[in-house]
Amino acid sequence: MRWTQTFIPTMKETPEGAEIPSHVLMLRAGLITQVMAGAYTYLPLGLRALRKAERIVREEMDAAGAVELLMPAITPLSLWEQTGRVEAFGDVLITFSVRRQNRQVHIALGPTHEEVITDLIARHISSYRQMPITLYQIQTKFRNEERPRFGVLRTSEFIMKDAYSFDATVESLAGSYQKMYDAYCRIFDRCGLDYLAVEAESGPIGGDVSHEFMVPAENGEDRIVHCRDCGYAANLERAEIGARGNVPPDVPLEPVETVPTPGSTTIEQVSRLLGCRPEQMIKTLIYLADGQPVAVLIRGDHEANENKVRRALGATHLALADPETIERVTGAPVGFAGPVRLKQPIPIWADRDVEPLRNAVTGANQADAHLRNVNPGRDYQVEGYLDLRIAQHGDPCPRCSSQLALRHAIEVGHVFKLGTKYSEALSARFLDENEQLHPIIMGCYGIGINRIIAGLVETSHDEAGIIWPVALAPYEVEIVPLNVADEATRRLAGRLHQRLAAAGIEVLLDDRGVRAGVKFKDADLVGFPLRVVLGPRSLKEGKLEIKWRWEADAESIDLEEADQAIAELVRDERATANRFRQYAQRRGD
RNA sequence: CGGGGCGUGGCGCAGUCUGGCUAGCGCGCCUGCUUUGGGAGCAGGAGGUCCCGGGUUCGAAUCCCGGUGCCCCGACCA
């Protein structure tokens with residue numbers, strides 16, 4: 001391809017509103033352009049990168065035995081009503097009605113396709129002999145994001161690879177799940193992404209096991225913990241905390257004392273008023289677990305992890321209690337709850353970090369008052385001490401004796417053991433070998449194709465621009481003739497271009513009649529992996545210059561058979577990605 | 001959905017507080033000459049509903065009212 005014949009609107013300046021590197025660089029390099037909040041056009045270069053990511057995903061899904069199909073983006077709203085997800089999605093689900101003759105057809109744009117595929121399977125699979133099977137598609141999804149942001153990382157329309165497995169037994173599901181997990185590792189490896197597979201929260205319904213594939217990045221929306229020593233990694237929503245070796249301080253237990261704290265309902269206000277540190281305070285949260293009130297004690301400087309609480313209580317639904325319930329249970333308005341002398345006897349569970357607290361400060365269960373010198377056993381009893389709080393940077397690792405690091409990350413993939421939620425709701429059942437009817441056991445597996453690109457750019461760039469691995473680069477090689485006014489240069493460049501293209505190399509020829517500096521800047525900005533310069537200096541000596549984007553220096557190679565040498569280099573990098581890996585390694589250190 | 005910011009040729013911005021000549025600057029674009037290894041120089045030129053609607057005024061990019069779009073922080077995110 002010739003630069004003058006395609007469409008690459010690069011920009012010298014950063015458009016207003018773009019802040020994070022991936023957004024800035026994708027706009028400036030002419031990969032994307034915004035159409036509205038949360039919707040982008042993929043320009044020719046951006047589309048090429050996207051297609052390459054898609055192809056890697058497709059190849060690995062096929063290799064893992066998954067079978068591709070394509071479902072429609074428009075789906076009947078009734079399907080979503082059957083699974084209760086019209087409410088679950090709320091405004092995120094884009095719905096509309098169209099007229100057909102004398103009736104209204106209610107349509108939802110698919111934000112994901114569990115309903116559609118389960119409905120399909122329900123119609124066509126009825127025997128254990130037809131399973132296991134995994135189906136996938138690469139398709140545009142629609143979610144009306146409350147707040148689209150970060151360029152292409154969070155949009156209302158995006159391309160997703162979504163796969164769904166169907167198994168007769170949980171053992172079989174484990175196999176299907178593992179195949180997808182392994183395929184995901186290969187996919188993100190091939191894309192050159194620096195990723196972590198983290199344990200993820202599977203949510204209150206259906207699933208029991210789930211992993212997310214995360215690209216650690218400053219601007220990621222998710223937060224994960226990672227142990228460098230043993231490799232434990234988990235989404236913050238799920239992250240366990242290791243043994244803390246909490247030993248209560250050897251101090252005399254002071255008598256409980258009620259102190260007035262008018263209007264002070266937060267940890268911060270009370271700690272300031274009473275001159276105590278938040279870590280000396282006990283936060284008492286009243287939850288409704290499947291409708292039953294329960295008290296949860298968390299150290300003042302910590303935060304409750306509601307997923308942990310829900311799991312620990314074996315509840316399906318968990319939510320902070322409403323003010324009326326709190327008042328009924330504690331006898332005080334919101335903000336003054338404590339474990340001592342609750343008005344109504346309810347179970348009290350505490351986080352492990354509450355156990356060693358002595359002479360602590362907590363709510364007095366009466367308006368405008370707190371208690372000092374509260375101690376466990378003497379003043380209140382708990383059902384038990386459990387891991388109930390959100391992990392923090394530096395917390396002990398749950399798997400080894402090391403510490404957890406907290407990092408931001410971009411979620412690029414998610415694998416999920418779904419169970420039978422959708423098969424039950426949509427009657428997708430099969431007969432086993434004993435003629436027993438069971439709901440089909442499902443798994444679902446998503447990859448955000450756009451996020452692969454954005455994640456790569458976000459983590460692989462320098463001041464000058466993007467640094468693509470060959471696997472995702474819009475073009476593998478860019479030929480830069482410095483003086484296109486020179487007939488000989490033009491002819492040489494054209495011939496090289498032709499030969500490389502004929503050799504199956506993805507090559508772009510910058511044939512613009514602009515100054516050398518402009519071409520160099522654009523080459524760095526877009527970030528093609530291999531740059532080939534034909535300039536008067538080296539041409540005189542029968543040489544041309546090649547330079548990998550991530551290397552500082554160029555090297556000269558003979559003009560004679562340069563095409564073969566370059567093709568060989570590119571093929572080698574395609575096969576091994578060794579050079580890019582070395583750069584990524586250096587970058588990581 | 002709460003809080004904040006912005007909207008002026010294709011892009012980035014000034015001008016708005018304190019209303020007043022023909023709305024300005026840089027980049028980009030077009031023409032010509034010179035130049036040619038890291039975003040060239042000179043000369044000439046094209047390109048504008050100053051986000052939209054209403055109001056105040058002799059006069060509005062500028063003041064007032066309403067709307068709308070975009071961005072950021074937070075809440076939310078199968």
Side-chain angles (χ1 to χ4, degrees), chain A residues 9-20 23-24 27-28 30 33-40 80 83-93 108 110-116 118 141-151 153-156 158 160 162 164 200-207 210 212 219-223 235 237 411 414-416 418-419 421-422 425 442 444-446 448 463-465 480-486 489 510 512-526 531-540 543-545 547 552 554 556:
Chain A
T10 59
M11 278 179 285
K12 208 188 299 197
E13 287 174 292
T14 300
E16 187 203 17
E19 306 221 328
I20 68 171
H23 193 195
V24 169
L27 287 166
R28 287 193 51 214
T33 184
Q34 187 178 44
V35 174
M36 61 180 280
Y40 289 82
W80 303 87
T83 56
R85 288 220 284 181
V86 174
E87 294 76 29
F89 274 111
D91 287 339
V92 171
L93 192 65
T112 173
H113 279 75
E114 280 86 3
E115 276 79 355
V116 180
T118 307
K141 308 290 187 192
F142 298 88
R143 294 181 193 178
N144 180 37
E145 286 295 342
E146 298 285 319
R147 194 185 146 204
R149 62 184 121 174
F150 297 147
L153 278 176
R154 189 158 204 85
T155 51
S156 290
F158 53 96
M160 183 163 150
D162 49 325
Y164 307 91
E201 191 52 51
S202 47
I205 29 174
S210 169
E212 286 165 335
N219 293 300
E221 286 189 279
D222 284 276
R223 286 191 297 169
N235 193 306
E237 293 170 351
E411 180 189 351
H414 196 169
V415 293
F416 202 112
L418 255 187
K421 172 176 155 67
Y422 298 99
M442 293 174 59
C444 75
Y445 316 92
E463 319 73 49
V480 185
L482 291 187
N483 184 4
V484 291
D486 178 56
T489 305
D510 189 351
R512 291 177 297 171
V514 297
R515 300 169 66 85
V518 176
K519 293 190 180 189
F520 288 140
K521 291 287 184 192
D522 274 344
D524 288 345
L525 176 59
V526 180
R531 190 188 74 188
V532 179
V533 173
L534 291 101
R537 277 186 204 159
S538 42
L539 285 181
K540 264 190 302 203
K543 303 254 187 194
L544 48 72
E545 292 161 33
K547 178 180 149 340
S556 289

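Below, read A as the first sequence line, B as the second, and so on, with proteins coming before strands; counting in each chain starts at 1.
- Below the 3.5 angstrom threshold, one finds a donor paired with an acceptor across the side chain of Arg531(A) and the base of rG38(B).
- The existence of a salt bridge linking Glu545(A) and Arg537(A) is excluded, since no basic side-chain nitrogen approaches an acidic carboxylate oxygen closer than 4.0 Å.
- As a whole-Å value, the separation of Glu146(A) CD from rC76(B) C1' is 6 Å.
- Using a 4.0 Å heavy-atom cutoff across all strands shown, Glu145(A) reaches no nucleic acid atom at all.
- Within 4.0 Å (heavy atoms only), Glu545(A) reaches at least one base atom of the nucleic acid.
- Atom P of rC64(B) sits at a distance of 41 Å from the matching atom of rG44(B), rounded to the whole Å.
- Contact annotation for Ser538(A): base contact, defined as any heavy-atom pair under 4.0 Å involving a base atom.
- Judged by distance alone, with hydrogens and angles left aside, Arg147(A) brings no side-chain donor or acceptor close enough to the base of rA75(B) to form a pair under 3.5 Å.
- Ala37(A) comes within contact range of the sugar-phosphate backbone alone, with a heavy-atom separation under 4.0 Å but no base atom that close.
- In this structure, Met442(A) atom CE and rA78(B) atom P are separated by 17 Å, rounded to whole Å.
- Heavy atoms of Pro9(A) sit nowhere under 4.0 angstrom from any nucleic acid atom.
- Within 4.0 Å of Glu16(A), counting heavy atoms only, lie sugar-phosphate atoms of the nucleic acid but no base atom.
- Checking rC73(B), rG39(B), rG37(B) against the side-chain heavy atoms of Phe150(A) singles out rC73(B) as nearest.
- You'll find that the side chain of Pro536(A) is closest to rG37(B), out of rA78(B), rG37(B), rA75(B).
- Of the candidates rC11(B), rA78(B), rG39(B), the closest approach to any side-chain atom of Pro15(A) belongs to rC11(B).
- Residue Arg515(A) places its side chain closer to rU35(B) than to any other of rC71(B), rU35(B), rG37(B).
- Checking rA78(B), rG38(B), rG26(B) against the side-chain heavy atoms of Glu13(A) singles out rG26(B) as nearest.
- Side-chain contact check for Val116(A) versus Tyr164(A): every heavy-atom pair is 4.5 Å or farther apart.
- Atom CD of Glu237(A) and atom C1' of rA78(B) are 12 Å apart (whole Å).
- Glu221(A) has its CD atom 9 Å from the P atom of rC73(B), to the nearest Å.
- Taking only distance into account, the side chain of Asn483(A) never meets the base of rG37(B) through a donor-acceptor pair shorter than 3.5 Å.
- Straight-line distance from the CG atom of Leu27(A) to the C1' atom of rC11(B): 11 Å, rounded to whole Å.
- Residue Glu114(A) is out of contact with every strand shown, counting any heavy-atom pair closer than 4.0 Å.
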